[in-house]
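Have a look at the structure below, then the notes.
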Amino acid sequence: MEQQSKTKHRKTWIIVAVAAVAAIATALVAVFVFHLPFGDTQAEAEQETTSEVTPSTTDPMEVIKNYEQFMMDYADYAEMLNSQDGIPADKAEGYAEWLKSFDDINAQFEAVSDTELTPEQEAYFDEVIDRVDQRMREATGSELAGIPRSAEEAEEQYEARKAEADRTAGRISDEDASAE
């Protein structure tokens with residue numbers, strides 16, 4: 001019974017980690033698009049990135065609202081994935097649609113990447129990030145689900161997630177993880 005519980009716990013963390021990578025990638029795109037200045041590498045990145053997805057909107061406020069909805073939906077699915085029952089059959093189609101919307105959200109952020117936000121828009125975006133961050137932590141029960149606000153914080157969070165994944169997969173012990 002204990003082994004079965006450990007296996008379920010590991011499976012849950014793996015599922016959540018995979019979904020979190022997708023959601024966090026979107027969160028990072030949002031933060032970098034709206035908060036970090038672009039240098040000469042922006043033009044290079046735009047040339048390398050060719051998006052075949054036409055964004056459903058290019059209005060920055062709509063993009064921010066869509067991002068919030070996307071992430072709140074992700075939090076709902078994360079809660080279901082972490083539950084004993086998993087995602088109910090009647091929610092599976094919605095989950096598949098949510099996964100498909102990832103490309104649109106990224107395309108929306110790409111479309112507004114050169115847009116200067118007004119101070120009011122930036123304040124609203126910060127509020128959205130705070131709400132999403134809180135909801136993600138509640139949904140997953142982990143501080144590792146928070147949204148990084150800088151490249152340094154993103155790197156630290158990545159390392160912490162990697163260590164937690166190694167620990168829960170049995171590649172390192174709890175003592176080794178706490179020593180890092």
Side-chain angles (χ1 to χ4, degrees), residues 12-38 42 45-46 49-151 153-154 157-158 160-161 164:
T12 299
W13 266 103
I14 291 169
I15 291 169
V16 169
V18 169
V21 167
I24 296 302
T26 301
L28 287 173
V29 168
V31 170
F32 288 120
V33 165
F34 289 125
H35 283 289
L36 298 179
F38 290 99
Q42 180 184 6
E46 286 175 0
T49 305
T50 56
S51 175
E52 296 180 22
V53 176
T54 302
S56 59
T57 185
T58 58
D59 174 19
M61 287 303 287
E62 286 301 311
V63 171
I64 293 168
K65 290 174 184 174
N66 291 346
Y67 163 76
E68 181 176 20
Q69 186 60 55
F70 176 85
M71 293 301 290
M72 293 301 186
D73 289 347
Y74 167 67
D76 293 342
Y77 290 119
E79 276 184 333
M80 287 183 246
L81 286 168
N82 278 327
S83 74
Q84 290 270 333
D85 300 326
I87 296 179
D90 64 334
K91 302 284 185 185
E93 187 175 321
Y95 182 66
E97 288 301 314
W98 173 83
L99 288 171
K100 289 180 188 175
S101 70
F102 181 77
D103 289 336
D104 180 45
I105 291 293
N106 280 332
Q108 289 177 39
F109 279 117
E110 285 178 26
V112 298
S113 65
D114 291 332
T115 305
E116 289 268 342
L117 297 180
T118 66
E120 294 82 16
Q121 290 172 322
E122 282 197 33
Y124 178 72
F125 185 62
D126 285 339
E127 291 171 13
V128 165
I129 293 293
D130 290 341
R131 285 192 299 269
V132 167
D133 187 61
Q134 179 63 33
R135 180 68 180 107
M136 290 300 298
R137 291 171 197 260
E138 290 169 359
T140 62
S142 173
E143 292 298 310
L144 296 178
I147 298 172
R149 300 294 178 109
S150 68
E153 191 176 325
Q157 195 176 63
Y158 168 77
R161 283 189 185 119
E164 179 64 13

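All values derive from a computational prediction rather than experimental measurement. Below, all heavy atoms of this structure are taken into account, side chains as well, without hydrogens, waters or symmetry copies. Residue numbers run from 1 in the order of the sequence given.
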Value rounded to 0.5 Å, distance of [atom1] in [X] from [atom2] in [Y]:
X    : Y    : atom1 : atom2 : answer
I129 : M71  : CD1   : CE    : 8.0 Å
Q108 : T54  : CD    : OG1   : 11.5 Å
E143 : D133 : CD    : CG    : 8.0 Å
E164 : Q157 : CD    : CD    : 12.5 Å
S56  : I105 : OG    : CD1   : 7.0 Å

Checklist entry - Quick one: do the D73 and Q69 side chains pair a donor with an acceptor below 3.5 Å? => result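 Yes - a donor-acceptor pair under 3.5 Å links their side chains.
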
Next on the checklist: Does either side chain, that of Q134 or that of D130, offer a donor lying less than 3.5 Å from an acceptor on the other one?
Outcome noted: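 Note: Q134 and D130 side chains miss the donor-acceptor criterion.
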
Min side-chain heavy-atom separation [X]-[Y] under 4.5 Å:
X    : Y    : result
M72  : R131 : yes
V128 : K65  : no
L81  : Y95  : yes

Locate the shortest heavy-atom distance separating [X] from [Y]; write the atom from each residue and the value.
X   : Y    : result
I87 : A92  : CG2-N, 3.9 Å
Y77 : G94  : OH-C, 3.0 Å
P55 : A111 : CG-CB, 3.8 Å
V63 : V112 : CG2-CG1, 4.0 Å

Checklist entry - Does a sphere of radius 6.0 Å around OH in Y158 hold more than 12 heavy atoms from other residues, nucleotides or ligands, not counting ones at 6.0 Å or beyond? => result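 No, OH of Y158 has 12 or fewer neighbouring heavy atoms, counting only those of other groups under 6.0 Å.
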
Checklist entry - Can you check side chain to side chain contact (heavy atoms under 4.5 Å, CB included) on M136 and Y74, steps first, answer last? => result CA-CA 8 Å; M136 290 300 298; Y74 167 67; 2.5 Å; yes

Item to check | I64: which of E62, M61, E68 passes side chain to side chain contact (heavy atoms under 4.5 Å, CB included) | outcome: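 In the set E62, M61, E68, the residue that makes a side chain to side chain contact (heavy atoms under 4.5 Å, CB included) with I64 is M61.
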
Next on the checklist: Could you check whether any side-chain N or O of Y67 sits under 3.5 Å from a backbone N or O of F125, counting only pairs where one atom can act as donor and the other as acceptor?
Outcome noted: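 Not confirmed, Y67 side chain does not pair with F125 backbone.
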
Checklist entry - So, does T118 use its side chain to make a donor-acceptor pair with the main chain of Q121 at under 3.5 Å? => result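 Here the side-chain-to-backbone pair exists.
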
Next on the checklist: Run the salt bridge (Lys or Arg N to Asp or Glu O under 4.0 Å) test against E93 and tell me which residues pass, sequence neighbours left out.
Outcome noted: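 Not a single residue meets the salt bridge (Lys or Arg N to Asp or Glu O under 4.0 Å) criterion with E93.
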
